[in-house]
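In what follows, a structure is listed as structure tokens, so that the remarks can point back to it.
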Amino acid sequence: MPSPEFSGPGLSGFPREELVSLLAPLPPYKAREIFAWIARGAESFDTMTNLGKNEREELSRRFSLYGTRCRARLDDPDGTVKLQITLHDGALIETVLLRDREGRGTACLSTQAGCPMGCVFCKTGALGFTRNLEAGEIVEQFLHLRRLNLGGPSHIVIMGMGEPLLNLGELRRALAVIMDKGGLGVSGRRITLSTSGLSREIRDLADSGPPLPLALSLTSAREELRGALMPAAEKLSNLKEALLYYQKKTRLRLTLEAALFRGLNTGAEEARAFRRFAQGLNVVVNLIPWNPVEGLLFRGLALREPSAAETGAFARLLEGEGLRVTRRFRRGRGVGGACGQLGSPSGTP
Ligand code: SAH
Ligand code: SF4
């Protein structure tokens, strides 16, 4: 938002009833109207015509509406748009609008500046960790994307920079704002959360909500290889237990995501390990051929993306094991906006 209100954390991240308390003694119904104004992307308090002049002045003195600024927009020829967003302390994050052929827009939101999980194939992981995002910084990514006027976004994937379950508190507040019918009103069924796998937080989400379709970045179902690719990974047996619990409790669809690397996790043994891991769960396997990130080494060698034939052959192996398989649309590569490519301060892929 090229907002005149830019000065510090904003009101955009406050769930409706929190906003009512914060703005007291302003009457609650007026606070709820401000909540709705923010969801519509109001530029400033001055545009909120239902408030009196004195109220508007007082609010502008005390609060900012927004805390982030859109610094750059990068358009991929395939229709994907990546935005670079500056936070109030100068940290930079990226957010992506994916568009399919039907014109449906999906927002890919970040939850952390950087990421502490250190997955060796991921650009965000290579950046290291700066900090957790505040709720408003998550909500505003959605608002910035909607402001592009490219349709939607009607769907959300929490798959941008960072590990969402390490920032569950602020993410929950952001989701309360995003899902509120008196505001943005995005249904939880249209919001997928992708995690590298934190079993305690998966159970917490199952118990305390919000119930969201979950995607686990399995990558490899072989403990040793997974641990090497994802050094902060938990034991597979713990994760499996947590996923069984999540699915029993929520009855929501579950995706196993697999970033694929040439010659590394595309063989028959891997497919069998996937089947064993998936046993007892109702899952779809989503294959993501690795999106190249320069300079990332694994066991001293450069990672490589699999050929289309290798990806196809692995898909058939998985199907042969009785698994359902989909392939990730490969969008946004031209602007470094595809999975795992987020995080370049300069915006060059
Ligand atoms: N931290 C969360 C969400 C962000 S990463 C998670 O790991 O799930 C989103 C997805 O992108 C994950 O499935 C991850 O395995 C995948 N990914 C990371 N780097 C990638 C790359 N360079 N190419 C393809 N997929 C990648
Ligand atoms: Fe973090 Fe996900 Fe990247 Fe791993 S893949 S470093 S968890 S953002």
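For ligands, and for the atoms within them, numbers begin at 1 and follow the listed sequence.
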Among Pro292, Cys122, Pro164, Ser217, whose heavy atom sits nearest atom 8 (O) of ligand 1?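 Shortest heavy-atom distance from atom 8 (O) of ligand 1: Ser217.
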Option with minimal heavy-atom separation from atom 4 (C) of ligand 1, where the choices are Ala215, Gly160, Ser194: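 Of the listed residues, Gly160 has the closest heavy atom.
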State the atoms of ligand 1, each with its element, that fall below the 4.0 Å cut-off from a heavy-atom position in [X].
{"X": "Ile288", "result": "24 (C), 25 (N)"}
{"X": "Gly162", "result": "1 (N), 2 (C), 3 (C), 4 (C)"}
{"X": "Phe121", "result": "15 (O), 17 (N), 18 (C), 19 (N), 20 (C), 21 (C), 22 (N)"}
{"X": "Glu257", "result": "13 (O)"}

Side chains of Asn50 and Trp37: closer than 4.5 Å at any heavy-atom pair? yes
Test: [X] and [Y] ion pair at under 4.0 Å:
{"X": "Glu43", "Y": "Arg147", "result": "yes"}
{"X": "Arg173", "Y": "Glu170", "result": "yes"}
{"X": "Lys123", "Y": "Glu294", "result": "no"}

List the closest protein heavy-atom neighbour of [atom]: residue, atom name, distance to the nearest 0.1 Å.
{"atom": "atom 9 (C) of ligand 1", "result": "Met159 O, 3.7 Å"}
{"atom": "atom 23 (N) of ligand 1", "result": "Asn291 N, 2.8 Å"}
{"atom": "atom 25 (N) of ligand 1", "result": "Cys339 CB, 3.5 Å"}
{"atom": "atom 20 (C) of ligand 1", "result": "Gly340 CA, 3.3 Å"}

Answer yes or no: does atom CZ of Arg73 have more than 12 heavy-atom neighbours from other residues, nucleotides or ligands under 6.0 Å?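 Counting other residues, nucleotides and ligands, CZ of Arg73 exceeds 12 neighbours.
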Just wondering, more than 12 heavy atoms not from Arg62 lying within 6.0 Å of its CZ? yes
Honestly, for Leu216 the part within reach of ligand 1 (heavy atoms, under 4.0 Å) is neither
Would you say ligand 1 has an N or O under 3.5 Å from any N or O of Trp290? yes
Determine which pairs satisfy salt bridge (Lys or Arg N to Asp or Glu O under 4.0 Å) with at least one residue from residues 246-256, sequence neighbours left out, and list them in order.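 For residues 246-256, and leaving out neighbouring residues, the salt bridge (Lys or Arg N to Asp or Glu O under 4.0 Å) pairs sorted by first residue read Asp207-Lys249.
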Any side-chain donor paired with an acceptor under 3.5 Å for [X] and [Y]?
{"X": "Arg324", "Y": "Asn282", "answer": "yes"}
{"X": "Ser220", "Y": "Glu270", "answer": "yes"}
{"X": "Thr111", "Y": "Glu163", "answer": "no"}

Using the side chain to side chain donor-acceptor pair (under 3.5 Å) rule, pick out the option among Glu137, Glu134, Glu140 that qualifies with Ser12. Glu140
What protein N/O/S atoms lie closer than 2.8 Å to atom 3 (Fe) of ligand 2?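 Near atom 3 (Fe) of ligand 2, the protein supplies Cys122 SG.
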Angle class for the Phe274/Phe314 ring planes (parallel below 30°, perpendicular above 60°, tilted otherwise)?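 Ring orientation, 0 to 90° scale: perpendicular.
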